[in-house]
Each structure stands twice: as C-alpha cells, then as structure tokens.
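Chain identifiers are assigned alphabetically (A, B, ...) following the order of the sequence lines, protein sequences preceding nucleic acid strands; residue numbering begins at 1 within each chain.
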Amino acid sequence: MALSNQQLAAIFSDIADRLEIQGEVVFKTRSYRVISENLAALPRPVEDIWREGKLNEVPGVGKAIHDKIDELLRTGKLEFYERLRAEVPDGVVDMLRVSGLGPKRVKEIWSTLGVMSLSELEAAGKAGRLRGLPKMGEKTELKILAGIESLKRRATGRMRAGDVLPIALQMREVLRAAPGVLRVEYAGSLRRGRETIGDLDFVAATTDPAAVMSLFRSQPHIEEILGAGETKSSVRLQNGLQVDLRAIDPSVWGAAMQYFTGSQAHNIRVREIAQKQKLSLNEYGLTAEDSTKLTFDTEEALYARLGMAWIPPELREDRGEIEAAQSGSLPRLITRADLRGDLQMHSTWSDGAADVLTMARGGIALGYEYILITDHSQSLGIANGLTPERVRAQRKEIDAVNRQLAGEGLVFRVLQGVEVEIKSDGAIDLPDDMLAELDLVQASVHTSLAQPRERITERALNAIRNPHIDILGHPSGRLINEREGGDFDWEALFHAAAEHDVALEINADPARLDLNETHARRAVELGCHLTISTDAHHPGGLNQIVYGLSVARRAWVTPETVINTWPLDKLLAWAASEV
DNA sequence: GCCGTTTTCGGCCCGACTGTTTTCAGTCG
C-alpha cells in the first residue's frame with residue numbers, strides 16, 4: 001500500500017501530538033515534528049527514496065524514525081503508532097485544537113476528569129468542573145469555552161493567501177497612520193509567500209508602542225481580542241483570521257523582521273549558527289557572552305554578521321537555503337520584472353468577462369510584451385468552449401486586435417492559444433490540424449479527477465506526447481481548501497514532460513496554485529520548463545500573478561526555466577520545434 | 001528523537017502574554 005509524503009507527515013505529526021500529551025520530553029516530540037515538516041516538503045516520493053535505501057539521507061531521519069518509515073512503507077501500518085492511538089484517544093487529541101489548551105492541560109483534564117472529547121470538554125466547562133484543576137481558574141475555564149465556540153464557527157484552519165493579502169495591505173495602511181510609527185510590514189507566512197496563511201503577523205517600528213497597539217485593537221471587524229500587552233497584541237477578525245502585532249524600536253527593525261518572518265525551522269537553524277559563534281539571537285538582535293548587544297536595522301546586516309547572504313523570505317524553510325547562503329550559492333529567484341507575458345487567460349469567447357482587446361490592454365498596463373488567449377475547447381460546454389469553427393473566427397478578431405495595437409505604435413502581441421480539454425478517456429478535444437494552427441496550445445484536465453492513478457496519469461501522458469501541445473495547465477486540478485487534485489504519478493509525468501519538452505504551468509489563481517511548490521521544485525530538478533500564468537477571466541485577474549510568483553520563488557525557480565520570461569521570438573521558436 | 005570543525009554523550013532557540021501565583025507554568029509563535 002502506497003503512502004504519500006503527506007500521509008506520512010500527518011502520522012508523525014499525530015505521533016508528536018500524542019507523545020506530548022503523554023508528557024514525553026520535548027526534544028523527542030520536536031524530532032517527530034521536524035520529520036513531519038521535512039517529509040511534507042520533500043520534493044520526491046519518500047517511497048522512492050526508501051526503495052533506493054537512502055532514507056537516512058533525509059534530514060531528521062535517525063535510526064528510530066528510519067525503522068518507523070520502513071515499517072509503514074512495508075506493511076502500511078506501524079505497531080508503535082497503533083499502540084499510541086490506543087493509549088491516547090482521538091477525542092483527547094482533538095482538544096489540542098482549542099485555543100489556550102496545550103498538552104499539559106489536556107493531559108490534566110483527561111486524566112483527572114476523564115474528559116475524552118470536545119463535547120465532554122464543553123460540558124465540563126459549563127458545569128464549572130475545569131476551574132480548580134492545577135493552574136486553572138475561572139478565567140481559564142471561560143477562555144476554553146470561548147475557544148470551543150470559535151472552533152465551531154471557524155470554517156478552516158488556514159486561509160488562502162489570496163484572501164489574506166488584501167486584508168494585510170489595508171491593515172498596513174491603517175497602522176502606518178498611528179502616531180510615532182516609522183515602518184509597518186507584514187511578516188510571517190504571508191511574507192514568505194505560502195499558499196495558505198495560519199495567522200497574519202505585523203511588525204511596527206515605532207517610538208510610541210501604546211499608540212499603535214491601541215489603534216490596532218480598535219479596528220473594525222474584530223471579533224475578539226486574544227491578547228493585549230505593551231508591545232504585543234493579538235486579535236481575531238470576524239472572518240476567523242488571527243492577526244498579531246509586535247511593536248519594536250526602529251533600531252532593531254532588521255532583527256525583528258528576521259525573527260517574525262520565520263519560519264520556525266529556519267530561525268532555529270539561524271540561532272544555532274549564532275550559538276556556534278558564541279552569540280545569542282532574539283528579535284532584538286545578537287547578544288555576546290559578555291552581554292554586549294548588537295542591533296541590526298536591516299536583515300542584510302544581521303545575516304552578514306552571521307556569515308550569510310541575505311535570504312529571500314520565500315526560501316526560509318530550512319530546505320537548504322542556510323547552506324546556500326553560507327556558500328554564496330543562493331539562486332537568483334524569478335521576479336515580477338522577469339515576466340514578459342501571461343500565457344493563460346480567458347475572454348468572452350468562452351467564460352471570460354472581457355473581450356480580447358480589453359485583456360490585451362490589461363497585459364500592456366502590466367508592461368508585458370505578449371499575452372496568450374486560452375479559451376476553453378468545445379467539450380467544456382458549461383464554459384462555452386470553442387468549436388474548431390469558433391477557434392478560426394476568434395483568430396480573425398485576434399488578428400484585428402494586433403493590427404489595432406500596432407497602429408497605435410505598441411510593441412505588443414496577442415497570441416492565440418486554447419485551453420484544450422483532456423477528456424476523461426484521454427482524448428484531446430480538438431483535432432491535431434486545428435491545434436497546429438495555434439501559436440501555443442495548453443491542455444488541461446477538468447473532469448474525472450477521481451480516476452485511479454494509472455488511468456489519470458495515462459490521460460496526462462497522452463497530452464504530453466501530443467506534438468502540438470506545449471503546456472500542461474494547472475496539472476493537479478486541486479482547489480485549495482475545496483478539493484484534492486488528481487492522484488497523478490508525478491515522477492512519471494515530470495520525466496515525460498522533460499522528455500517531450502512540455503512546459504508545466506504554475507497557475508497563479510490563489511485558489512489553485514498548481515503546480516504547488518514541492519511539485520514545481522521537483523519538476524525543475526528533472527529538467528522541465530514552467531509557465532507562470534494567471535488563468536485570468538477579466539483584466540484585474542492578471543494582477544494575481546504575484547501568487548504564482550511566490551510559488552515559483554518558494555520552489556527555487558530561476559528566470560530561464562520559465563518560458564514566459566523569454567522574448568517572443570524565442571517563445572514562438574520553442575513552440576514550433578515540437579518534440 | 002537527532003546530531004557532531006569544541007561533543008558518539010550531552011546537548012537541543014527564544015521571548016511575550018496570561019492567569020494563577022507569591023516566583024512561575026503553560027501556551028503560543
């Protein structure tokens with residue numbers, strides 16, 4: 001039975017939870033948390049590495065964890081884990097999700113009161129049985145009950161970055177207006193460009209912490225104030241998002257931004273490096289053994305003092321960036337300015353909201369040199385997909401738009417493509433001679449995503465082998481927080497895409513972000529080209545490219561790999577040379 | 001549990017806030 005990296009990661013995270021409740025030493029539980037994160041971020045299937053006998057090369061794998069992974073992959077089960085699950089009931093683990101409850105209190109509540117589920121916890125709280133336990137009084141009891149309530153209301157744990165960034169930008173403007181404030185930025189996972197955000201972190205450099213704290217806590221749309229200190233406050237917004245603010249002295253800006261940007265795994269490594277240099281690192285800077293303080297007003301200065309190049313936030317996950325920063329071998333990550341065009345968008349010819357000319361104007365406004373119109377093909381009836389006749393009619397309109405733009409003296413080209421359906425039996429929804437007339441062809445799976453691995457993989461491979469198909473669009477088909485993508489054999493798919501030189505899309509729609517960062521990194525490792533495109537359905541949608549860029553940067557992607565950084569002539573020559 | 005240009009044993013990042021406490025444990029990030 002095959003276990004995915006994500007499934008293995010979830011098991012080790014669950015083991016860490018249950019061991020913590022049992023009171024196991026923190027260093028042991030930390031090891032399980034570390035391996036959980038490392039497995040989740042691993043660009044290749046653990047199973048492949050295991051088969052090659054190279055499990056020990058995975059960071060965080062020692063003898064004990066090696067044997068556990070081995071047992072899981074051999075038998076699909078883990079004796080140790082089964083025992084642990086019997087010892088600590090699932091309902092007890094659930095209680096960890098309540099804000100304000102950690103392993104110590106959960107263990108106390110469980111062992112003293114026999115509470116074994118969230119509903120029993122709620123009943124115990126309402127009956128006043130929680131107060132009186134060690135270190136717990138009336139306030140703690142009320143906090144736990146409030147935590148249960150908020151857990152019931154909250155839809156999901158993490159929100160899409162696309163839903164958080166607009167809130168962050170607006171809130172940043174508000175906070176910047178507080179008296180005494182010199183700088184405000186968001187840090188945390190949003191700054192690192194993650195696809196989902198657990199909570200939003202702000203850092204404010206100010207000479208008047210009380211003023212910005214007070215302003216922060218008096219904003220509208222706040223449901224609950226979770227904490228209110230002199231330099232740190234936390235609130236929960238009505239949409240469930242938790243927002244934290246730290247106020248710091250302007251002189252420590254660099255150290256504070258480094259600290260609050262994280263990730264935790266990255267910070268632990270950076271502090272270990274400081275320790276080896278007899279220095280202690282916190283959010284205020286470095287402290288030497290003789291208590292001398294060093295402050296840093298930029299992150300660059302802090303990293304430099306520790307012997308490293310500045311590390312782009314997107315890379316700060318302890319996935320090799322520390323070593324690269326020490327040896328001066330960090331990648332030159334792709335930026336917005338590298339992109340010369342957007343290769344997936346829709347117009348009113350299918351399910352878009354704007355005509356071709358309007359989409360072109362949108363691309364011009366962003367400084368692009370070209371766009372590719374990729375309306376849906378005929379079998380996607382719900383999206384008004386194009387028949388061959390309508391594809392040819394659209395060509396006339398695109399030619400007219402190009403003539404008009406040229407007449408205005410603009411160096412800009414609208415390319416004609418299509419997002420052709422890969423049908424459930426693997427057939428391509430438009431005939432080859434039709435595809436041959438187009439500038440570039442993108443193929444996508446929209447239906448029958450639940451097919452078994454072999455079947456759905458064969459569909460994608462069939463498209464990749466088609467000499468007219470240049471790009472595989474949103475390869476997995478997932479929708480973040482809505483549905484899983486298809487169960488593709490990614491290694492096979494990437495090898496084939498590299499061989500036939502079919503580019504794989506990083507779809508920048510914040511609901512898709514597909515390929516995701518781990519798949520994108522692996523695809524590049526295996527020699528694939530990528531595109532980063534928005535799938536926009538109106539000109540405003542073109543701005544969502546920033547989310548796709550974040551995925552690419554987190555995947556260590558450099559510009560030359562991405563075909564829409566190429567000049568138009570190179571792009572068209574590549575498309576014409578079918579492999 | 002993992003890990004190693006000070007270690008194969010003895011370490012393992014660091015601080016704010018809260019609530020229940022007379023000095024600190026628990027939680028969180």
*Roughly, in whole Å, what's the span from CG in A:D67 to P in B:dC2?*
9 Å
*Length of the CD-P vector between A:Q242 and B:dT27, whole Å*: 16 Å
*asked:* Just to be sure I understand the rule, does A:K68 reach a base, reach only the sugar-phosphate, or reach nothing, if contact means heavy atoms closer than 4.0 Å?
replied: sugar-phosphate
*For every nucleotide of nucleotides 14-21 of chain B, 5' to 3': is a protein heavy atom under 4.0 Å from its base (B), only from its sugar-phosphate (S), or from neither (-)?*
BSSSSSS-
*Take atom C1' in B:dT8 and the same atom in B:dG1, then report the distance between them in whole Å.*
15 Å
*Could you measure between the two C1' atoms, the one in B:dG26 and the one in B:dT21, and give it in whole Å?*
13 Å
*With sugar-phosphate meaning primed atoms plus P, OP1 and OP2, does A:Y32 contact a base, only sugar-phosphate, or nothing at under 4.0 Å between heavy atoms?*
sugar-phosphate
*P spacing across the pair B:dT20 / B:dC28, given as an integer number of angstrom*: 15 Å
_Mind checking if A:K63 touches a base, just sugar-phosphate, or nothing, with heavy atoms under 4.0 Å?_
sugar-phosphate
*Rounding to a whole Å, what distance do you find between A:R33:CZ and B:dC2:P?*
16 Å
*asked:* In whole Å, I'd like the distance from the CD atom of A:E57 to the P atom of B:dC2.
replied: 16 Å
*Using the C1' atom as the reference point in each nucleotide, state the distance between B:dG15 and B:dG10 in Å, no decimals.*
25 Å
_Protein-nucleotide distance (A:I197, atom CD1; B:dG29, atom C1'), rounded to Å_ = 14 Å
*What is the distance, rounded to the nearest whole Å, between atom CD1 of A:I35 and atom C1' of B:dC3?*
13 Å
_Hydrogens and angles aside, do A:T292 and A:D290 bring a side-chain donor and acceptor to less than 3.5 Å of each other?_
yes
*Taking only the side-chain heavy atoms of A:E272 (C-beta and beyond), determine which of B:dC12, B:dG1, B:dG26 contains the nearest atom.*
B:dC12
*asked:* Without decimals, in angstroms, what is the distance between A:N38 CG and B:dC2 P?
replied: 12 Å
*asked:* Can you tell me how the ring of A:Y32 sits relative to the ring of A:F80, calling it parallel under 30°, perpendicular over 60° and tilted otherwise?
replied: parallel
*Reckon A:V25 touches a base, only the sugar-phosphate, or nothing at all at heavy-atom distances under 4.0 Å?*
nothing
